[in-house]
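Contents: one structure, followed by commentary.
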2 protein chains.
Amino acid sequence: MKSTEDKLNHVMVEFYEKLSSWEQAVVKDKGYSLPLVHTVEILGGNGPMRMKELAEKIGVTTGTLTVQIDKMVKLELVTRKPHESDRRSILVELTSQGHELYEEHDALHLQLTGELTAKFSDEERAQFLSFLQRVNAEF
Amino acid sequence: MKSTEDKLNHVMVEFYEKLSSWEQAVVKDKGYSLPLVHTVEILGGNGPMRMKELAEKIGVTTGTLTVQIDKMVKLELVTRKPHESDRRSILVELTSQGHELYEEHDALHLQLTGELTAKFSDEERAQFLSFLQRVNAEF
DNA sequence: GTAATATACTTTGATAGTCAAAGTATATTA
DNA sequence: TAATATACTTTGACTATCAAAGTATATTAC
C-alpha cells in the first residue's frame, strides 16, 4: 500500500509531465522555440532580471543565455539595459512586442487552467490556490 | 484586482518553472542528460510504452526518440521488445538498471515532495492530493 | 483479394541548443 | 593597491532536434 506522500509525489510528477507536454505542443504550434518562450514566460512573470538570475531560472549557463538573448534582441522581443548599481551586470527586459507575446501565451495558460479546474467549486479553487502558494514558498 | 483563476494560473506556472529548475539541477548533478532522465521517468511511472506514445509524452519526434533510445540501449537502461499485436510497433521497456536509476531519481522527488509539504497536516496533504488527481484527470 | 492509403519506426543531413573554458570588464577583499 | 571574485561574452566542440525520405506492416476501399 502506497503512502499519501508517495501518491502525492507521483501526481506532482505527473502534473509536471503533462504541463511540459502541453507547453511543448503549444510552443511548436506557434513556431517559436521552447527556450525562447520559456525566457519570455519568466521575464513576463517576474519582470526585468539579470543574466545570471535568468540563466539559473532557465537552467542553462550564462554563455548559453547570451546567445539566446542575442537572438531575442534581434527579434525585438527583449532589450539589454545597464544595471543601475553594478556595471558588470545587465538587465534583460521585455519590449512591448515581448510583452505581447507573453500576454498571448499567458492567455493560453489561463484557458488551460480554466479547463483543468472547471469542475472545482469556488471554494475548492481557493483552497487549491492556497496549497500551491504554500508549496511554492517552500521551494 | 486579479481573479482567483488568474492567480491559480500563475502559481501553477510558477510551480512548473520551479520544478523544472530543480529537475535540471538534479540531473546535471548526476551526470545524465535531461532527455535521458526524462525518458526513464516516464517509463518508470507508466510502464513499457510504444515509441510513438513515448515521443508524444516527451514532446519530440519519433526520429529524435529513435536516436535517444539507441543510446539508452547501449547504456543498458532500456530494451526494445516487439509489440504483441502490431508488428510495426515496438515497446520500450526499462531494464533492471533502468529501474534502479528510476528508483534513485524517484527517491529524490519524494524527498522534495516531503520538503515542500512539510508544513501540511495529514488532512491537507490528502486534500492537495485529491485536487491534483482531479486536475490530472482533466488533462 | 488486391491496390491504395495510412501508420510505426528508422535513417540521414542540416540546424539549433548546449557546455566548458578562455577572455574582458567591473567589484570586492586583503 | 594588489589579489581575488563576479558578471557577462566569445569560441569551439558536442548533443539534441527536426523534416523529409526510406522500410515494413496495417487498414481501407473497391
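Keep in mind it's a predicted model, so treat the numbers as computed, not measured. Chain letters run A, B, ... following the sequence lines, proteins first and then strands; every chain starts at 1.
- Atom OH of Tyr16(B) is surrounded by more than 12 heavy atoms from other residues, nucleotides or ligands within 6.0 Å.
- With both pairing distances under 3.5 Å, dA22(C) is matched to dT9(D) as a Watson-Crick or G-U wobble pair.
- Summarising the geometry, the separation between NZ on Lys52(A) and C1' on dA7(D) is reported as 8 Å, rounded to the nearest angstrom.
- A donor atom on one side chain and an acceptor atom on the other are found under 3.5 Å apart for His109(A) and Glu41(A).
- Distances from the side chain of Ile90(B) to the nucleotides dA6(C), dT9(D), dC9(C) place dC9(C) closest.
- Under a cut-off of 6.0 angstrom, the local environment of NZ in Lys28(B) is crowded, with over 12 non-hydrogen atoms contributed by other residues, nucleotides or ligands.
- Minimum atom distance to the side chain of Thr61(A) is reached by dC19(C), of the listed dT9(D), dT10(D), dC19(C).
- Pair assignment for dT4(D): dA27(C), on the basis of Watson-Crick or G-U wobble contacts that are both within less than 3.5 Å.
- Counting non-hydrogen atoms under 4.0 angstrom, Ser89(A) reaches the backbone sugars and phosphates but no base.
- Proximity note for Gln68(B) (side chain, C-beta onward) versus dT18(C), dT17(D), dA25(C): the nearest is dT17(D).
- Base pairing analysis places dT15(C) opposite dA16(D); the two distances defining the Watson-Crick or G-U wobble pair are each below 3.5 Å.
- If you look at Phe131(A) and Phe120(B), their ring centroids are closer than 6.0 Å.
- Distances were taken from every side-chain heavy atom of Thr64(A) (C-beta onward) to each of dG17(C), dC9(C), dC19(C); the shortest belongs to dC19(C).
- Counting to the nearest Å, the P atom of dA16(D) and the CD atom of Gln24(A) are 14 Å from each other.
- For Val60(A), whose side chain is taken as the heavy atoms from C-beta onward, the closest listed nucleotide among dT10(C), dC19(C), dC18(D) is dC19(C).
- Residue Arg88(B) has its side chain nearest to dA24(D) when only dA24(D), dG17(C), dC9(C) are considered.
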